[in-house]
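Take a look at the structure below.
As the structure lists them, so they are numbered: ligands from 1, and atoms in each ligand from 1. Remember, it's a predicted structure, so these values are computed and weren't measured experimentally.
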Amino acid sequence: MADTNMVVLTTQDSGILARFLTNPAASHPGATSTTQPAHQRRPNKSPALRARRLATLASLPSAAAAMVSAEVGIDYVLWTEAEVSARVGEVAAELAADLRALPEPAVVVGVATGAFLFLADLVRRVDVRLAVDFVRVESYGAGTESSGKPRITADLKVDVAGKHVVVVEDIVDTGNTLSHLIAHLEKKGASSISVCTFLDKPARRKVSVQLVGDGKFYRGFECPDYFVVGYGLDYAELYRNLPYVGVLKPEMYKKDSSN
Ligand code: IMP
Ligand code: MG
């Protein structure tokens with residue numbers, strides 16, 4: 001049986017939610033302020049919207065509903081496994097067309113740990129010769145707010161000098177991590193740098209991301225301004241294995257996580 005506290009958003013719902021979230025105060029005077037820590041900002045839960053989402057849940061194949069409801073810490077599903085898969089296929093097709101036109105194989109650089117599922121699903125659908133490597137860039141600690149000072153804690157094995165690099169990220173939030181990493185790859189002599197991020201939260205951007213050479217920006221979904229988990233994204237290293245993307249129930253956050 002589905003957990004009746006669980007709601008699933010269709011793509012259309014996600015669009016509606018994203019619009020509420022872009023300007024929550026305009027849509028709902030009682031809505032929370034965007035100056036709150038990300039995990040305290042909640043999606044709107046009007047009875048009508050909630051009823052529609054529950055109807056969506058009821059219409060899911062039972063295996064999908066059971067999979068979602070088994071994860072009791074999730075309040076809202078923003079993108080289901082099927083929606084993620086379909087979108088990753090579209091991004092992979094676009095990337096493959098661009099990489100095919102290059103004279104030499106590109107180096108796809110995943111940002112560990114968050115990009116591991118997205119990278120694995122993406123490159124399996126890019127039918128072009130390429131190299132894969134990982135870097136580790138850390139700035140978050142165990143909370144939901146970035147320290148703003150990323151550090152490269154594990155570097156590349158592959159030489160990227162003179163190569164086209166595609167950085168694969170789970171999410172671009174303030175842009176600090178990516179800017180730091182792009183500067184690092186440029187120093188190593190990458191001839192051009194593209195970015196392929198699963199999620200993009202433009203509302204939170206503090207640093208504009210400067211691509212290098214003929215680099216392009218690819219993204220899966222525009223993410224509303226909430227702290228999300230699943231499909232690689234974590235809270236305190238948990239929830240990365242969820243095959244969908246969701247918003248955690250407030251009680252799942254540790255008391256001191258907003259510091
Ligand atoms: P930025 O440096 O602020 O752009 O943050 C980028 C990194 O923060 C991402 O690679 C994620 O690891 C993490 N991050 C940002 N937003 C979220 C979120 O909503 N959920 C989980 N991790 C996030
Ligand atoms: Mg990351």
Inset, instruction - Check Phe198, Phe221, Tyr218 against Phe118 for a ring-ring contact (aromatic ring centres under 6.0 Å, His included) and give me the one that passes. - result: Phe198
Inset, instruction - Answer with yes or no whether Gly114 contacts ligand 1, where contact means a heavy atom under 4.0 Å from a ligand atom. - result: no
Legend entry - Atom CZ of Arg129: over 12 foreign heavy atoms under 6.0 Å: no
Legend entry - Arg151-Thr177 side chain donor-acceptor pair, cut-off 3.5 Å: no
Inset, instruction - Please confirm whether Leu178 comes within less than 3.5 Å of ligand 1 when only nitrogen or oxygen atoms on both sides are compared. - result: no
Inset, instruction - Check whether Leu185 and Val207 end up in the same hydrophobic cluster, where Ile, Leu, Val, Met, Phe, Trp and Tyr are linked by side-chain heavy atoms less than 4.5 Å apart. - result: no
Legend entry - From the candidates Leu181, Val111, Asp173, the one that places a heavy atom nearest atom 5 (O) of ligand 1: Asp173
Legend entry - Proximal ligand 1 atoms for Glu169, defined as those under 4.0 Å from one of its heavy atoms: 10 (O)
Legend entry - Residue part near ligand 1, for Lys201, under 4.0 Å between non-hydrogen atoms: side chain
Legend entry - side-chain hydrogen bond (donor to acceptor under 3.5 Å, both in side chains) between Ser191 and His164, intermediate numbers included: CA-CA 6 Å; Ser191 56; His164 177 65; 5.9 Å; no
Legend entry - Side chain, backbone, both or neither: the part of Tyr226 lying under 4.0 Å from ligand 1 by heavy atom: backbone
Inset, instruction - Between Asn176 and ligand 1, find which residue part has any heavy-atom pair under 4.0 Å and reply side chain, backbone, both or neither. - result: both
Legend entry - Presence of salt bridge, Arg219 and Asp200, under 4.0 angstrom: yes
Inset, instruction - Classify the contact between Lys206 and ligand 1 as side chain, backbone, both or neither, using a heavy-atom distance cut-off of under 4.0 Å. - result: neither
Legend entry - Sub-4.0 Å atoms of ligand 1 with respect to non-hydrogen atoms of Asp234: 21 (C)
Legend entry - Lys/Arg N to Asp/Glu carboxylate O, Glu222 vs Lys201, below 4.0 Å: no
Inset, instruction - Give the contacting part of Val229 toward ligand 1: side chain, backbone, both or neither, where contact means a heavy-atom distance below 4.0 Å. - result: neither
Legend entry - Crowding at CZ, Arg205 (>12 non-hydrogen neighbours, <6.0 Å): yes
Legend entry - Which of the ligand 1 atoms, numbered from 1, are nearer than 4.0 Å to a heavy atom of Thr174: 1 (P), 2 (O), 3 (O), 4 (O)
Legend entry - Val228, any N or O under 3.5 Å of ligand 1 N or O: yes
